[in-house]
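Note that this is a predicted model, so its numbers are computed, not measured.
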Amino acid sequence: MENQKASIKKIALYYGVIWGLLSIALSVIAYVTNNHIDRPMWLTIIGLAIMVVIIVYGLKAYKHENQGFLSISEALKVGLAVSLIAAIIGTLYNLLFVSVIEPEFINQTLEYTRETMITENPDMTEEQMEMTMGITEKMMTPLVMSAMGLIFTLFLGFFTSLFAGLIMKVNRPEN
C-alpha cells in the first residue's frame, strides 16, 4: 500500500478563502460601525482568533487526509499556503476599499494619526511632527500597505503554523 500525501493546495485554497472572506466580513463590520480608522482592540483580537482557528483547522484537515501524520515542515507549508491565499484576498479587498469604497480612507487615517500625535505628544515640535507625518504618508500608499499586509500576514501565519505544528506533530514511522 503506497502512502498518499494530502493535497496542500486544496486545503490551502479552502481554508485561505474562508479566512479571506471572514477578514473581509470583519473589515465591513469595522467600516459599518465606524471603527475602520482607529481599529479598537476587540477587532484585532477577533482577527487574530480567526487566523489561529483557520490555520489550526487547516492543519487538522491536512493531518486527517495524511493518515494522521503531520511534520513541522508540512505544518509550515500548509499554514503559509493558507496565509498566502488569505493575504491575497485581503490585499485585493483593501485595494478595492481604498480606491472605490472609501477613497478618503488614507487622508482620514493621516488626519487621525496627526490628531493622535498632538494629543499624545504635546511637546513634539512642528519639525518633528512634519518629519513623522512625512514618513507616515510614505507608508500609507496602497502599494506599501498591500506589501506590509502581505508580509505581516505571512509572518503571523508562520509563527501560528509553527506553534500549532509543534503541538499537533505526529511523525510517520520509519520503515
Where [X] and [Y] come nearest, the two heavy atoms and their spacing:
| X | Y | value |
| --- | --- | --- |
| Met140 | Ile106 | O-CD1, 3.0 Å |
| Leu95 | Pro142 | CD2-CB, 3.8 Å |
| Thr113 | Thr136 | CG2-CG2, 4.2 Å |
| Ser161 | Gly157 | OG-O, 2.6 Å |
| Gly165 | Ala75 | CA-CB, 3.6 Å |
| Met129 | Ile118 | CE-CG1, 3.3 Å |

Does Glu127 CD have over 12 foreign heavy atoms under 6.0 Å away? no
For residues [X] and [Y], determine if any side-chain heavy atom of one lies less than 4.5 Å from a side-chain heavy atom of the other.
| X | Y | result |
| --- | --- | --- |
| Trp19 | Ile85 | no |
| Val78 | Ile8 | yes |
| Phe158 | Leu80 | yes |
| Val98 | Met145 | yes |
| Met148 | Val144 | yes |
| Tyr93 | Ile88 | no |

Could you check whether Glu65 pairs with Lys10 (Lys NZ or Arg NE/NH1/NH2 to Asp/Glu carboxylate O, under 4.0 Å)?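 So Glu65 pairs with Lys10 through a salt bridge.
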Is a salt bridge present between Arg172 and Glu74, judged by a nitrogen-to-oxygen distance below 4.0 Å?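 No, this pair does not count.
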Step through it carefully: locate the ring centre of Phe105, locate the ring centre of Phe97, and say whether they are under 6.0 Å apart.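 Yes, the ring centres sit under 6.0 Å apart.
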Would the distance check show the side chain of [X] and the main-chain N or O of [Y] forming a donor-acceptor pair, the cut-off being under 3.5 Å?
| X | Y | value |
| --- | --- | --- |
| Asn66 | Phe69 | yes |
| Lys63 | Met168 | yes |
| Glu115 | Tyr112 | no |

Between NZ on residue Lys169 and OG on residue Ser73, distance to nearest 0.5 Å: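 The OG atom of Ser73 is 10.5 Å from NZ of Lys169, to the nearest 0.5 Å.
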Measuring from atom NE2 of His36 to atom CD1 of Ile101, what distance do you get when rounded to the nearest 0.5 angstrom?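 So the NE2 of His36 and the CD1 of Ile101 are separated by 10.5 Å.
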Mind telling me whether Phe155 and Phe152 have parallel, tilted or perpendicular rings, with 30° and 60° as the class edges? parallel
Is it possible for you to say whether Leu156 and Ile151 belong to one hydrophobic cluster, with membership spreading through side-chain heavy-atom contacts below 4.5 Å?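 Per the 4.5 Å side-chain linkage, Leu156 and Ile151 are not co-clustered.
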